[in-house]
Amino acid sequence: MFCYQCQEAAAGKGCTVKGVCGKTDDVANLQDLLIYLMKGVSALSVRLHETGEEMPEVNKFITDGLFMTITNANFDKQRFVKKIEKAFRLCEKLRNRLAELGVLYIPNHCKCLDWKTKTIEKMEEKAKLVGIFSTQNEDIRSLRELLTYGIKGLAAYAEHAANLGYEDTELYAFMQEGLVATLNDNLSGDELTGLVLKCGSMGVKVMALLDKANTSTYGNPEITKVNIGVQNNPAILISGHDLRDLHDLLEQTEGTGVDVYTHSEMLPAHCYPTFKKYSHFVGNYGNAWWKQTEEFEKFNGVILFTTNCLVPPRSNATYSDRVYTTGSAGFAGFPHIADRINGQPKNFSQLIEHAKKCNAPTEIEKGEIMGGFAHAQVLALADKVVDAVKSGAIRKFFVMAGCDGRMKSRDYYTQFAEKLPHDTVILTAGCAKYRYNKLPLGDIGGIPRVLDAGQCNDSYSLVVIALKLKEIFGLNDVNDLPIAYNIAWYEQKAVIVLLALLSLGVKNIHLGSTLPAFLSPNVAKVLVENFGIAGITTVDEDLKLFLG
């Protein structure tokens with residue numbers, strides 16, 4: 001295996017024996033094979049698009065498959081085998097339809113269409129030949145992987161929106177065209193760079209779509225204090241990002257005596273008006289995703305993963321028999337809740353009955369944390385914010401959105417937040433906030449110094465806020481705002497957020513805790529020279545740089 005798609009790539013280069021995430025080599029290789037075959041499915045689908053037709057089944061297959069290969073989403077080998085088998089069936093179905101239409105042309109560079117097998121052994125043999133290093137040129141390889149990882153993040157957000165009934169076929173078309181482009185040896189580095197930047201613009205589009213899906217369905221997030229203590233009822237802890245899954249679960253647990261808590265990236269759900277009506281939706285349990293192996297032991301109840309970030313349990317874990325997965329998430333041995341059919345709710349009865357037999361959670365902390373500062377709420381406070389900037393009460397905003405991770409180097413973000421002057425405000429989204437969202441950082445004239453917009457996809461809110469401030473202050477360039485970007489990344493949803501910011505012209509973004517291993521020196525140089533991308537150094541040195 002070789003994988004370097006996440007920030008924790010071994011030795012800063014890549015995982016070759018087993019993923020730091022816990023992914024085994026056979027699963028990693030099958031993921032490579034699935035990506036390879038999805039490129040073939042996409043080639044046929046793109047050809048079908050040219051006739052004016054499309055197959056919604058293919059759109060869903062590609063989106064789901066991309067999401068399943070995101071870091072910490074799915075570790076279940078059999079799920080990937082079944083997905084690979086479906087790729088063969090869809091290729092056949094697409095070929096037949098194209099033949100019916102009299103379309104026989106297939107791009108010569110799509111060799112993935114010429115291979116098929118019925119055995120896992122042959123799949124595993126082929127998988128070793130189609131991974132990352134099947135592209136020889138380092139810079140082309142880097143651009144292809146950057147594009148692929150951006151498309152993976154795009155797929156994740158598109159799937160969440162689709163689950164709420166919001167779709168845009170342009171997004172599906174780009175995912176498929178982008179995958180096919182990574183097979184084309186005739187494309188130059190400049191052409192691939194153009195596709196990477198287009199991926200960023202698609203990222204803005206998909207985050208806007210998901211924002212519309214979430215707010216149209218559940219209302220605009222409101223400033224909310226979220227309980228981080230526990231109650232005395234048996235409970236279910238829901239992790240991941242999918243709000244439709246949470247809604248289904250809350251509906252089905254109402255009146256059962258089972259409480260529901262959020263974990264990690266699901267925390268912002270407490271700020272949506274629709275979810276506030278459920279009295280058994282009682283709080284958030286724990287911290288960022290990487291602490292789950294410790295905190296799940298103490299939760300005592302059932303845990304449901306709707307998406308990433310799942311960490312394989314230790315061999316002596318006592319909670320393994322209480323974990324369920326659904327959607328893109330999967331782990332061998334964990335019961336998997338099937339997809340909804342024709343938009344109907346998923347059936348969570350199995351895990352609800354299981355939860356009733358469990359003890360109440362063990363309390364690990366007390367208090368409240370504040371959230372709900374998405375764009376609608378912050379723009380409602382715009383006059384107050386602008387006055388604070390004009391008066392000098394707020395000197396600068398720091399966008400510290402993104403991901404958390406288990407590396408010791410990420411203590412940097414806690415220390416950075418602690419050392420920020422009291423006339424600065426942190427704008428955040430994603431699980432990166434767990435490095436500082438429980439610190440007593442205070443407020444500025446009633447404006448909290450940490451404004452949490454929500455999940456990683458809610459980085460879109462931070463963009464909307466920035467663009468509105470640019471308009472209010474009459475600036476020509478968003479980079480003239482008193483905003484600095486010190487972003488933490490971990491996986492591919494952070495990649496699409498970064499590309500989205502670049503597509504909007506945002507420059508001088510600092511990225512940590514390390515720069516991506518998949519950036520070749522030449523590709524990294526282009527990002528530095530054209531966009532001012534930089535890494536982090538020490539807290540004190542970076543503060544001097546940001547604050548002059």
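Side-chain atoms are counted along with the backbone in the values below, which use heavy atoms only and exclude waters and symmetry mates.
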Determine, stepwise, if the pair Val130 / Cys112 fulfils side chain to side chain contact (heavy atoms under 4.5 Å, CB included). CA-CA 9 Å; Val130 297; Cys112 44; over 6 Å; no
With sequence neighbours left out, write down each residue that passes side chain to side chain donor-acceptor pair (under 3.5 Å) with [X], or none if nothing qualifies.
| X | value |
| --- | --- |
| Glu57 | Lys93 |
| Asp458 | none |
| Arg79 | His336 |
| Glu92 | none |

Is a side-chain donor or acceptor of [X] paired with a backbone partner of [Y] at a separation under 3.5 angstrom?
| X | Y | result |
| --- | --- | --- |
| Arg144 | Thr182 | yes |
| Glu254 | Glu251 | no |
| Ser45 | Ser42 | no |
| Gln5 | Thr69 | yes |
| Asn300 | Ala360 | yes |
| Lys433 | Gly454 | yes |
| Asn74 | Asp76 | yes |
| His354 | Arg322 | no |
| Gln252 | Lys346 | yes |
| Ser328 | Thr307 | no |

Rounded to the nearest 0.5 Å, how far apart are [atom1] of [X] and [atom2] of [Y]?
| X | Y | atom1 | atom2 | answer |
| --- | --- | --- | --- | --- |
| Leu502 | Ile509 | CG | CD1 | 5.0 Å |
| Tyr460 | Tyr157 | OH | OH | 14.0 Å |
| Ile426 | Leu451 | CD1 | CG | 9.0 Å |
| Ser320 | Phe296 | OG | CZ | 11.0 Å |
| Asn29 | Lys77 | CG | NZ | 10.0 Å |
| Ser239 | Tyr285 | OG | OH | 13.5 Å |

Carefully, step by step, assess Gln292 and Tyr319 under the rule side-chain hydrogen bond (donor to acceptor under 3.5 Å, both in side chains). CA-CA 10 Å; Gln292 65 188 255; Tyr319 65 85; 5.1 Å; no
Test Ile303 against every option in Val323, Leu310, Ile238 by the side-chain contact (heavy atoms from CB on, under 4.5 Å) rule and name the one that passes.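 For Ile303, the side-chain contact (heavy atoms from CB on, under 4.5 Å) test succeeds with only one of Val323, Leu310, Ile238, which is Val323.
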Checking side-chain contact (heavy atoms from CB on, under 4.5 Å) between Asn308 and each of Glu265, Met68, His241, which is the one that passes?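 That would be His241; it is the only one of Glu265, Met68, His241 passing the side-chain contact (heavy atoms from CB on, under 4.5 Å) with Asn308.
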Apply salt bridge (Lys or Arg N to Asp or Glu O under 4.0 Å) to [X] and list each qualifying residue two or more places apart in sequence or on a separate chain.
| X | result |
| --- | --- |
| Lys116 | none |
| Lys152 | none |
| Lys291 | none |
| Glu145 | none |

Within a 6.0 Å radius of atom NZ on Lys470, are there more than 12 heavy atoms belonging to other residues, nucleotides or ligands?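 Yes.
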So that I know where these two stand, are Phe281 and Tyr278 an aromatic pair - ring centroids less than 6.0 Å apart?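 Between Phe281 and Tyr278, the centre distance exceeds or equals 6.0 Å.
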Check whether the ring centres of His263 and Phe299 lie less than 6.0 Å apart, and answer yes or no.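 No, the ring of His263 stays outside the 6.0 Å limit from the ring of Phe299, centre to centre.
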Ignoring hydrogens and angles, state whether a donor on the side chain of [X] or [Y] is under 3.5 Å from an acceptor on the partner side chain.
| X | Y | answer |
| --- | --- | --- |
| His375 | Asp211 | yes |
| Gln492 | Thr71 | yes |
| Glu491 | Asn72 | no |
| Thr217 | Tyr166 | no |

Does a side-chain N-to-carboxylate-O contact under 4.0 Å join Glu85 and Lys82?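 No, Glu85 and Lys82 are not salt-bridged.
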Any pair with a residue in residues 266-276 that passes side-chain hydrogen bond (donor to acceptor under 3.5 Å, both in side chains), sequence neighbours left out, goes on the list, sorted by first then second residue, please.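 Those involving residues 266-276 are Glu222-Lys276, Thr224-Lys276, Thr262-His270.
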Got a sec, which pairs hit ring-ring contact (aromatic ring centres under 6.0 Å, His included) with one end in residues 83-103, sequence neighbours left out?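 Only Phe88-Trp115 qualify under ring-ring contact (aromatic ring centres under 6.0 Å, His included).
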Tyr436/Thr428 under side-chain hydrogen bond (donor to acceptor under 3.5 Å, both in side chains): CA gap, chis, key distance, verdict: CA-CA 10 Å; Tyr436 43 78; Thr428 191; 2.8 Å; yes
Please evaluate residues Asn163 and Asp242 with respect to the criterion side-chain hydrogen bond (donor to acceptor under 3.5 Å, both in side chains), reporting the C-alpha separation (whole Å), side-chain torsions for both, the decisive distance (0.1 Å), and the verdict. CA-CA 8 Å; Asn163 288 341; Asp242 198 279; 2.7 Å; yes
In a check of side chain to side chain donor-acceptor pair (under 3.5 Å) between Asp404 and each of Tyr434, Trp290, Trp289, which one passes?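 Exactly one option meets the side chain to side chain donor-acceptor pair (under 3.5 Å) with Asp404, and it is Trp290.
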Partners of Phe348 by ring pair (Phe, Tyr, Trp, His ring centres under 6.0 Å), sequence neighbours excluded?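 Checked Phe348 against ring pair (Phe, Tyr, Trp, His ring centres under 6.0 Å); zero matches.
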Phe67: partners by ring pair (Phe, Tyr, Trp, His ring centres under 6.0 Å), with sequence neighbours left out: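 Once residues adjacent in sequence are excluded, the partners of Phe67 under the ring pair (Phe, Tyr, Trp, His ring centres under 6.0 Å) criterion are His160.
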Set out, in order, the CA-CA distance, both residues' side-chain angles and the distance that settles side chain to side chain contact (heavy atoms under 4.5 Å, CB included) for Ser503 and Leu197, then state yes or no. CA-CA 6 Å; Ser503 77; Leu197 294 177; 5.8 Å; no
